[in-house]
Amino acid sequence: MNRVFKFSFMSVVYSFLYLPMIVLIVYSFNNSTYSLGWKGVTLSWYNELFSDFSLWEVALNSLTVAGISATFATALGSMSAVAFYRYSFRGKDFLYGLIYILIMAPEIVMGISFLILFVSLNIPLGFFTLLLAHITFCLPFVVVTVYSRMTGFDRNIIEAAKDLGASEFECFRLVILPLLMPGVVAGWLLSFTLSMDDVIISFFVTGPEFEILPLKIYSLVRMGVKPEINALCTILFGFTLAVVMIAQMLLKEKK
Amino acid sequence: MLLPMSDTIIELRSVSKSFGSLMALKNVELRVERGKFVTLLGPSGCGKTTLLRLLAGFDTPTSGEIFINGRSMASLPPEKRPVNTVFQSYALFPHMTVFDNVAFGPKLKGLGRKEMERQALEALEMVNLVDLAGRRPNQLSGGQQQRVAIARAVVNKPLVLLLDEPLNALDYKLRKAMQIELKQLQRKLGITFIFVTHDQEEALSMSNQVVVMNHGCIEQVGEPREIYESPRNLFVARFVGEINVLDAEVLSSNGGGVLEVALEGRKMKLHKTSNGHKANGWKAFGPGDRVHVLVRPEDLRVYRREDIEPEDASDFFPATVEEAIYKGATVDLIVSLASGGRLSASQFFNEDDDQLEFYRGEQVFLDWVQGWEVVLPHES
Ligand SMILES: Nc1ncnc2c1ncn2[C@@H]1O[C@H](COP(=O)(O)OP(=O)(O)O)[C@@H](O)[C@H]1O
Ligand SMILES: [Mg+2]
């Protein structure tokens, strides 16, 4: 009885969660332009998608921004996490709290703040401002991912390394970094996906001549959902799924 | 060695360590001789780990100075000190194989590949782990991880090996076996061991020297037997084993060998024995002083009424059996004295007295071998 209940409860929750995605994926293969009725399987929407070069350029823009901002955010975030872990200083808890606040802050607020900042500094909106904003909002996620990975291992390990003759640098290179690597990679992947599909902040901080994928999709959808968009979103979803799975695997093989 | 540089390998001069308002170590003075197996013994929280960490260099003393091999350790970081540590949690590198864990130290010394491998293998052989050299620490049992931690530390041939409660996580049997192995290893290597434990039996059975600690202070330093037989105060007496504490008042002292006391309503003469340690403070007692007379349970002798001559009854302390607990090799008795005080007495089985049956409520008579008691000034 109990098992039946648990099973049905979980099915309801999961269909609620994943039904929209499944509908999207199914429709991306539907051989019909306008109708919602099922007209058989086709790959033509994917074909059209891949032959649309303007879309390719936008996708490349997105990949570039995501790649660069993830890399910067990961480098800065990992170093901050190591500093949080290795050193004790005044106001450490407060500073760590500030990082959490950035994660929780409404994106619309962050977007508008960035806009005001860039405008008041007279920085033209475009690739550069977009990059800065993305680095900023990815950074806290990296700090938290890497830091939680670090707190998972025995603090004595670092002391053991020093005890056995390792200098601060050798200790970092031979012990801390290898142990941290899964967290760093996971942080990068997380940043990459966050950057890839951010709409709200990007909407405020990019200029008209630098288009990125999520904003492009948004503007296309305003003229009606076309089957190509279903296909595009399916690809994006598959991509995110793969990245998240890799990140999970990396974080799981702990110790 | 023809000319030992000095017999003192570790010296602590008035070392203190505070964490905020908490004094974890208070003016600790200690000298350790080269090649000894020294145990730091004390209850949890008394500062044992703190002391080891100061020696290893993970923390710096708030005041005082530490010398190892005649050299001040102030401003010398852990990686430059001639000591190695076996951590309570083992702290093995999880991302390296057993072999790489052990080879970590030699590798950092920049030894050639061959020499490095030779040393690591030698250390692994010493702890019987050559077969598991390719495994990761998480594929080993607790006892095996323990051995890796030991091999990883001794491979560097430190002057001093620090071991922080290394046997705690092991089950009883394994623990006993490792005690013997560690002791043998220490003899073979000739390295000074500073071994931390809160288990008095372990401390007494393994060490050349026991350092008893409490609340950040050293209470007594001595050979195991000295600590057990001549504790300097009630804390040490109680911590290193069960002991009965009787209150007495000094009636007279001849300043030398004999102290007359009133104990449980009896006048009694206590003799200073040839046992040198006991002389400490003995002379300081004068008439009217209150003292504690301490007797270990195994030193108490228990007689039945029919075992003693009725006219000698006044030479014994009458008592009533409250509980008799059969323990295999001994029978442990809880007896209550006329004054209401409770004592515990362990009686060993032997050939001529294999009937050690006592009943609850039975009247018995107690005494102990003269001179085996410990007399301490009264502590409130
Ligand atoms: N890093 C620290 N910060 C604050 N207090 C500490 C720290 N390390 C130890 N202490 C305190 O110092 C005292 C002694 O601790 P410790 O040396 O670990 O005891 P033991 O190893 O004998 O159990 C304890 O009261 C403990 O809480
Ligand atoms: Mg401890």
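To find a chain, count down the sequence lines: A is the first, B the second, and so on, and within it residues start at 1.
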Using non-hydrogen atoms only, which part of [X] is less than 4.5 Å away from chain A: side chain, backbone, both, or neither?
X: B:Asn156; result: side chain
X: B:Leu92; result: backbone
X: B:Arg53; result: side chain

If you count heavy atoms of other groups shown closer than 6.0 angstrom to [atom1] of [X], is the number above 12?
X: A:Phe16; atom1: CZ; result: no
X: A:Asp93; atom1: CG; result: no
X: B:His95; atom1: NE2; result: yes
X: A:Phe72; atom1: CZ; result: no
X: B:Arg71; atom1: CZ; result: no
X: A:Phe89; atom1: CZ; result: yes

At what distance, to the nearest 0.5 angstrom, does NZ of A:Lys162 lie from CZ of B:Phe58?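 If I round to the nearest 0.5 Å, the distance is 9.5 Å.
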Work out which heavy atom in A:Asp163 is nearest to a heavy atom in B:Asn84; give both atom names and the distance.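 Result for this residue pair: O-ND2, 2.9 Å.
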Can you give me the closest heavy-atom contact between B:Ala91 and A:Ala160, atom names plus distance?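 What the structure gives for the nearest pair is O-CB, 3.9 Å.
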With side chain to side chain contact (heavy atoms under 4.5 Å, CB included) as the test, pick out the partner of B:Pro94 among A:Asp154, A:Val175, A:Leu179.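 The side chain to side chain contact (heavy atoms under 4.5 Å, CB included) with B:Pro94 is passed solely by A:Leu179 among A:Asp154, A:Val175, A:Leu179.
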Show your reasoning for whether side-chain contact (heavy atoms from CB on, under 4.5 Å) applies to B:Leu108 and A:Leu174. CA-CA 10 Å; B:Leu108 287 172; A:Leu174 299 173; 3.8 Å; yes
What do the steps show when you test A:Glu170 against B:Glu79 for side-chain contact (heavy atoms from CB on, under 4.5 Å), and what is the final call? CA-CA 11 Å; A:Glu170 284 165 332; B:Glu79 62 266 28; over 6 Å; no
